Amino acid sequence: HNGWGSKRIDLQAELERLADWGDLPTACKIAARLELLISAVPSKMVFTCLKLADFEMISEPQPTETSGGCGFIPREIMERLLGIGKKGQRLNAWKRYTAIQVRILAPKLGIFKGILCLKEGISCIQLPPSMLKVKPSRTLQSEISLDSDLTFLLVKKIFPGDT
């Protein structure tokens, strides 16, 4: 106990349930990736409505050593995330959006950072390897204490932005 009546937690074990931090090469890289967990966004831009089936890994769209690829988001999911306003009213503003900057946390997929561009003809969010910043949790392979479908998607920025 910590003296305040709270139960002690093993922070490293809790973090390992979220992603494979031990795979990162240096303490500096771990610190930089931990910052992804504290990205400042309004609560209305944090979404837990997505499931693992809403994501798929794809090959790098433009494979080069110098350019990081973006991922893709189907129109239906973009509308699901951005098309509902206060009190559940439908908004049409989402229709002009072409991309979103995101942070994605899914223990079975990993931690992702990057841009998702609107793409027609797909049915799920497509994530290239360049967006993966921390590999999936190894803890979940043997311990199913977390919801196996747990995902968080944070929208940092919407493009085009309001001018």
Side-chain angles (χ1 to χ4, degrees), residues 14-26 28-84 91 93-161:
E14 293 300 317
L15 287 171
E16 289 291 336
R17 290 172 53 177
L18 298 176
D20 186 6
W21 302 96
D23 185 63
L24 297 174
T26 65
C28 288
K29 186 59 79 172
I30 292 170
R33 297 305 184 225
L34 281 169
E35 288 181 6
L36 296 174
L37 297 180
I38 55 171
S39 297
V41 297
S43 61
K44 68 179 183 177
M45 299 306 275
V46 177
F47 301 96
T48 58
C49 58
L50 299 171
K51 302 294 182 202
L52 288 174
D54 290 318
F55 299 91
E56 75 174 331
M57 296 300 299
I58 61 168
S59 299
E60 208 62 52
Q62 298 176 347
T64 73
E65 291 181 10
T66 57
S67 75
C70 68
F72 301 100
I73 185 168
R75 185 170 299 281
E76 182 272 328
I77 294 179
M78 180 83 90
E79 179 182 9
R80 191 175 358 149
L81 298 179
L82 304 178
I84 304 291
L91 302 176
W94 74 269
K95 291 180 179 179
R96 67 182 179 88
Y97 301 143
T98 57
I100 53 177
Q101 181 184 22
V102 297
R103 306 292 186 262
I104 299 169
L105 167 62
K108 288 209 168 186
L109 296 174
I111 298 177
F112 297 82
K113 168 187 164 184
I115 302 289
L116 296 176
C117 294
L118 189 63
K119 184 177 181 182
E120 300 294 339
I122 61 173
S123 60
C124 59
I125 294 172
Q126 297 179 333
L127 302 169
S130 61
M131 287 183 67
L132 179 65
K133 303 305 175 192
V134 187
K135 290 182 180 178
S137 172
R138 286 183 288 154
T139 305
L140 283 179
Q141 306 310 320
S142 59
E143 178 187 313
I144 309 295
S145 58
L146 279 178
D147 179 357
S148 61
D149 219 21
L150 179 69
T151 62
F152 295 92
L153 185 143
L154 289 72
V155 177
K156 290 276 295 174
K157 198 172 211 180
I158 301 172
F159 302 96

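On a predicted model such as this, the values are computed, not experimentally measured, just so you know. In this chain, numbering begins with 1 at the start of the sequence shown.
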Visitor: Tell me whether the count of non-hydrogen atoms from other residues, nucleotides or ligands lying under 6.0 Å of NZ in Lys156 goes above 12.
Guide: yes
Visitor: Find out whether Met45 and Ile158 are in side-chain contact, i.e. whether some heavy atom of one side chain is under 4.5 Å from a heavy atom of the other.
Guide: yes
Visitor: Output the distance between atom CE (Met78) and atom OG1 (Thr98), rounded to the nearest 0.5 Å.
Guide: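 Here the rounded value is 7.0 Å.
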Visitor: Verify side chain to side chain contact (heavy atoms under 4.5 Å, CB included) between Ile115 and Met131, making sure each step is shown before the conclusion.
Guide: CA-CA 8 Å; Ile115 302 289; Met131 287 183 67; over 6 Å; no
Visitor: Starting at CG of Leu150, measure out to CG of Leu105 and round the result to the nearest 0.5 Å.
Guide: 6.5 Å
Visitor: Stepwise, does the side chain to side chain contact (heavy atoms under 4.5 Å, CB included) test hold for Leu109 with Leu52?
Guide: CA-CA 8 Å; Leu109 296 174; Leu52 288 174; 3.7 Å; yes
Visitor: Minimum heavy-atom separation for Leu132 to Gly110, with atom names?
Guide: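 Scanning both residues, the minimum pair turns out to be CD1-CA, 4.0 Å.
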Visitor: What heavy-atom pair brings Pro136 and Asp20 nearest, and what distance separates the two atoms?
Guide: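 Closest approach of Pro136 to Asp20, heavy atoms only: O-CB, 3.2 Å.
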Visitor: Do Ile73 and Ile100 come close enough that some side-chain heavy atom pair is under 4.5 Å?
Guide: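 Yes, close enough: below the 4.5 Å cut-off.
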Visitor: Do any pairs count as a salt bridge (Lys or Arg N to Asp or Glu O under 4.0 Å) and have a residue in residues 115-134, sequence neighbours left out, and if so which ones?
Guide: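 Listed by first then second residue: Arg75-Glu120.
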Visitor: Please test Ile111 against Trp21 for side chain to side chain contact (heavy atoms under 4.5 Å, CB included), starting from the C-alpha separation and ending with a verdict.
Guide: CA-CA 10 Å; Ile111 298 177; Trp21 302 96; 3.6 Å; yes
Visitor: Under the side chain to side chain contact (heavy atoms under 4.5 Å, CB included) rule, collect the residues that match up with Cys28, sequence neighbours excluded.
Guide: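 Thr26.
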Visitor: Do Ile125 and Val102 touch side chain to side chain, with heavy atoms closer than 4.5 Å?
Guide: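 They are not in side-chain contact.
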Visitor: Looking at Arg80 and Cys49, what are the two nearest heavy atoms and their distance?
Guide: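 In terms of heavy atoms, the two residues are closest at NH1-O, 3.9 Å.
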Visitor: Do any N or O atoms from the side chain of Thr139 and from the backbone of Glu16 form a donor-acceptor pair under 3.5 angstrom?
Guide: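 Between the backbone of Glu16 and the side chain of Thr139 there is a qualifying donor-acceptor contact (under 3.5 Å).
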Visitor: Are the side chains of Arg17 and Pro107 in contact, using a 4.5 Å heavy-atom criterion?
Guide: no
Visitor: Is there a side-chain contact between Ile104 and Leu50 in this structure, where contact means two heavy atoms from C-beta onward sitting under 4.5 Å apart?
Guide: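 Not touching, per the 4.5 Å side-chain cut-off.
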Visitor: Distance-only, no hydrogens or angles: does the Glu56 side chain make a donor-acceptor pair with backbone N or O of Cys124 under 3.5 Å?
Guide: no
Visitor: With salt bridge (Lys or Arg N to Asp or Glu O under 4.0 Å) as the rule and sequence neighbours excluded, what pairs involving residues 28-47 come up?
Guide: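 Sorted pair list comes back empty.
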Visitor: Using 0.5 Å steps for rounding, measure from the CG atom of Asp54 to the OG1 atom of Thr151.
Guide: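 Reported to 0.5 Å precision, the distance equals 7.0 Å.
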Visitor: Can you name the nearest heavy-atom pair linking Pro74 to Ser123, along with the distance?
Guide: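 Looking at all heavy atoms of both residues, the shortest contact is CG-C, 3.7 Å.
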Visitor: When rounded to the nearest 0.5 angstrom, what is the spacing between NZ in Lys135 and CG in Asp23?
Guide: 4.0 Å
Visitor: Rounded to the nearest 0.5 Å, what's the gap from CD1 on Ile122 to CD1 on Ile77? Could you check?
Guide: 7.5 Å
Visitor: To the nearest 0.5 Å, how far apart are OH in Tyr97 and SG in Cys117?
Guide: 15.5 Å
Visitor: Write down the atom of Pro128, the atom of Ser59, and the distance for their closest heavy-atom approach.
Guide: CB-O, 4.2 Å
Visitor: Using side-chain heavy atoms (C-beta onward) and a distance below 4.5 Å, is Leu15 in contact with Leu34?
Guide: yes
